[in-house]
Amino acid sequence: MERLKRVPLFIIAAVLVGLKTYMVYRFYFNLSIESLFQEIILFINAFAFSFFIFSIAAWLKSKRQRKFILITSVVLTFILLANLMYYRNFTDFITLPTLFQVNNAGDLGTSLISLVKFVDIFLILDVILIFGLSKKEIFSIKSYSKVFKRRIALVACSVLVLNLALAEIERPLLFKRGFDREYLVKNVGIYTFHAYDAFITASTQSKRIFADGSEFSEIEKYVKRSVQDEQKQKPDEPINLEGIAEGKNIVHISVESLQDFVINRTLHGEEVTPFLNDLIKDSYYFDNYYHQTALGKTSDHEFLMDNSLYPLPNSAAFFTHAQNEYFALPEIIKNEKGYNSYVFHANNASFWNRNVMYETLGYDEFFDVESFEFEKEDVIGWGLNDKMFFDQSIDILKEQEDPYYAKFITLTNHFPFDIPEEEATLEPYESDSNTLNQYFQTVRYSDEAVEQFMKKMKREGLYDDTIFIITGDHYGVPSYHNEALGEYLGKEITAYDDALLQRVPLLIHIPGHEDDRTISTLTGQIDYKPTILNFLGIEKQEDIIFGNNLFASEEDRKDFIAFRDGRVVGKDYVYAAGVCYEHGTGEQVDETKCDPIREKAMKELNYSDEIIYGDLLRFYDFESGEIKKEEDE
């Protein structure tokens, strides 16, 4: 008993709160644990922050120590319970930006009583126990020696560092890739997640706070001079589709990780994408179209296409800047043409912070994983298989009012490209790269799913009055598999080849339209928004964009495609891995030949960053094309 009394109360409190936190992770939140290593990390992070924060008590005098322990246990419990209530309603975790979402807060408030369950009483038992123990003084509450304090601080910091190190091993660049709050909670814990969220919010808000709109003049001049002058398609262009989509529905299919190198290619004597290959013959096909995504991957793809702004260099704008003001595609087409915009994606609403960002961008409804009915056996890889996803999505789509803009985001062709043997209709490739071997199989599955989608659209009578846009969102096979990919392509892949491998397919299929062809103009995701606006006959000369109409002639377009990693693809030269290559031959040339496109690319990327970090679009009047005065803010 005497030994027990020597145990500091703050250690007992840390253990109790840590144990409760772990129990909430495992039995209250619906966190997916896929390996023993993830389970170990989850267990450690539940105690790491708890021990760290309670260890501060050792540095306080006995009276303050008791008060600190009690207040800390209450605060941590409140944070845990608040997240639990929010999670039950939104399948998400609270963030500071979310707290400013009035609609979300209102929804949670009205349903709070229904969110409370009887088992929640167990989550306050430790607090009651800590209060009781502190009064009866069963465990030690006293002033400790400097040596003891230093040892406790060392242990507390070591456990926290261990947690962060294991999390980094499990998910490299975890904090830079903070797009999935569930993944952050699983790896570093709910409390560390909130500390990280506060840091990110403060740092991004500071840039916004110090912005005053004066930064916008130079950007506006550049856009009007170097981009905007080319946005409106000229009447004598070889392909003029201005207004072709007016009154029609527009369906955009984003095929996960679909790269261009599989198009019109075979494996084991079979076409990898037989349906898309046939559809190309009756569509506009862009075979020199590049993804420009960065750490945000699919969310960057969406950000680029909806805004014609570049992704951020070290984070996902969907996650860090969802509260900004944008002048996005869904908002424009609703205001100008009365189009409703929908997104279909069988993933968690919080993934990539979509449930927040879609509202900011002006989408009317997001049909997430909760909109679909499926069993465990219907899951392939990251979620509901593409065939069932499309089938159920069309059933939802046909109930929506015309005209609409509908975006479908697939999941099956996602790294690591796992597919049940009975679902694969193409034998795997044979190489040292399991990733590449399976990639062809999941690509084929997605191709079949798109074919079924198009057939059902016809059966449901939704085909004729719809324009279909099918594209890949980003690369699927990472560069470190280039040796195996080079074997398939029959060549050694250099930095130049790797840059060209960033091409993704883009098909625009217009039923009943006869003038279809393959277009090899240098284009990228940054060009999507002005193209759709042109399709709908919407002229927005005062918009701030960095892309051109996809159908503008090569002479009237910018001569480069910019990437966040420093690479630049130009009409004549390609800059990659610090080397300048001649576009077409792949021969190395003097680096100065790439300087013009590098300078222009860097200027655009920096201007786009200024707009996002400073939330500069809030200073811009899109009707007049003028910068708002301070009193108008």
Side-chain angles (χ1 to χ4, degrees), residues 172-173 176-177 179 253-265 267 272-273 276 285-305 310-314 316 318 352 381-382 386 409-418 429 431 433-447 470-489 491-507 522-528 561-569 574-577 581 601:
L173 299 176
K176 286 188 176 182
R177 295 169 55 85
F179 51 85
I253 299 175
S254 172
V255 182
E256 171 68 37
S257 303
L258 180 64
Q259 288 182 252
D260 189 74
F261 76 83
V262 296
I263 301 297
N264 287 321
R265 282 189 174 271
L267 178 65
V272 180
T273 57
L276 291 179
Y285 177 55
F286 292 80
D287 64 356
N288 199 20
Y289 175 81
Y290 289 81
H291 87 84
Q292 296 169 275
T293 66
L295 287 173
K297 293 297 179 65
T298 304
S299 76
D300 281 352
H301 154 79
E302 296 183 75
F303 186 79
L304 276 153
M305 298 183 120
Y310 290 100
L312 293 174
N314 296 312
F318 260 50
W352 288 120
W382 273 49
D386 289 351
I409 304 172
T410 71
L411 274 173
T412 300
N413 192 45
H414 197 294
F415 178 86
F417 314 112
D418 290 323
Y429 183 59
S431 73
S433 168
N434 193 52
T435 295
L436 180 63
N437 296 346
Q438 297 179 156
Y439 178 71
F440 294 98
Q441 293 181 300
T442 51
V443 166
R444 165 66 76 83
Y445 187 93
S446 292
D447 180 78
I470 305 171
T471 182
D473 55 357
H474 53 74
Y475 70 82
V477 182
S479 299
Y480 49 79
H481 295 279
N482 277 350
E483 183 176 351
L485 182 55
E487 293 175 6
Y488 172 74
L489 297 176
K491 63 178 179 180
E492 181 180 352
I493 296 178
T494 64
Y496 165 79
D497 297 309
D498 189 60
L500 299 190
L501 280 170
Q502 305 315 305
R503 289 179 293 205
V504 294
L506 172 62
L507 292 78
L522 181 64
T523 52
Q525 291 171 331
I526 200 77
D527 301 316
Y528 181 82
I561 292 295
F563 298 86
R564 287 272 39 158
D565 59 8
R567 290 185 289 191
V568 187
V569 174
V574 173
Y575 183 79
Y581 299 90

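Side chains are part of it too, since the values below use all heavy atoms of this structure and drop only hydrogens, waters and symmetry mates.
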Any chance you could lay out the side-chain contact (heavy atoms from CB on, under 4.5 Å) test for Tyr475 and Val504, step after step, and finish with the verdict? CA-CA 7 Å; Tyr475 70 82; Val504 294; over 6 Å; no
Checking Leu436 against Glu487 for the side-chain contact (heavy atoms from CB on, under 4.5 Å) test, could you report, in this order, the C-alpha distance in whole Å, the side-chain angles of both residues, the deciding distance, and whether it holds? CA-CA 11 Å; Leu436 180 63; Glu487 293 175 6; over 6 Å; no
Are Glu256 and Leu411 close enough, and set up right, to give a side-chain contact (heavy atoms from CB on, under 4.5 Å), and what steps lead you there? CA-CA 6 Å; Glu256 171 68 37; Leu411 274 173; 5.6 Å; no
Passes side-chain contact (heavy atoms from CB on, under 4.5 Å), Ile561 versus Leu522? Steps please. CA-CA 7 Å; Ile561 292 295; Leu522 181 64; 3.7 Å; yes
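At least one side-chain heavy atom of Phe563 sits less than 4.5 Å from a side-chain heavy atom of Val569. Counting heavy atoms from C-beta on, the side chains of Ile470 and Leu258 never come closer than 4.5 Å. Side-chain contact between Tyr285 and Ile263 is present, with heavy atoms from C-beta onward closer than 4.5 Å. Considering only heavy atoms from C-beta on, Asp287 stays 4.5 Å or farther from Arg503 through its side chain. At a threshold of 4.5 Å between non-hydrogen side-chain atoms, the residues Leu501 and Leu489 count as touching. The side-chain heavy atoms of Pro311 and Thr293, taken from C-beta on, include no pair separated by under 4.5 Å.
Here the CZ-OG1 distance, from Phe415 to Thr435, works out to 4.5 Å after rounding to the nearest 0.5 Å.
A salt bridge between Arg564 and Asp300 is absent, with no side-chain N of the basic residue lying under 4.0 Å from a carboxylate O of the acidic one.
By the ring-ring contact (aromatic ring centres under 6.0 Å, His included) test, Phe440 pairs with Tyr429, Tyr488, sequence neighbours left out. Evaluation of the side chain to side chain contact (heavy atoms under 4.5 Å, CB included) rule for Ala562 yields Tyr310, Phe560, Ala601, Leu605 as partners, not counting sequence neighbours.
Gln525 and His291 are not linked by any side-chain donor-acceptor pair at a separation below 3.5 angstrom, with hydrogens and angles left out of the test. One side chain, Asp386 or Thr412, offers a donor N or O that lies under 3.5 Å from an acceptor on the other. A donor-acceptor contact closer than 3.5 angstrom links the side chains of Asp498 and Ser479. Donor-acceptor pairing under 3.5 Å is recorded for the side chains of Thr298 and His474.
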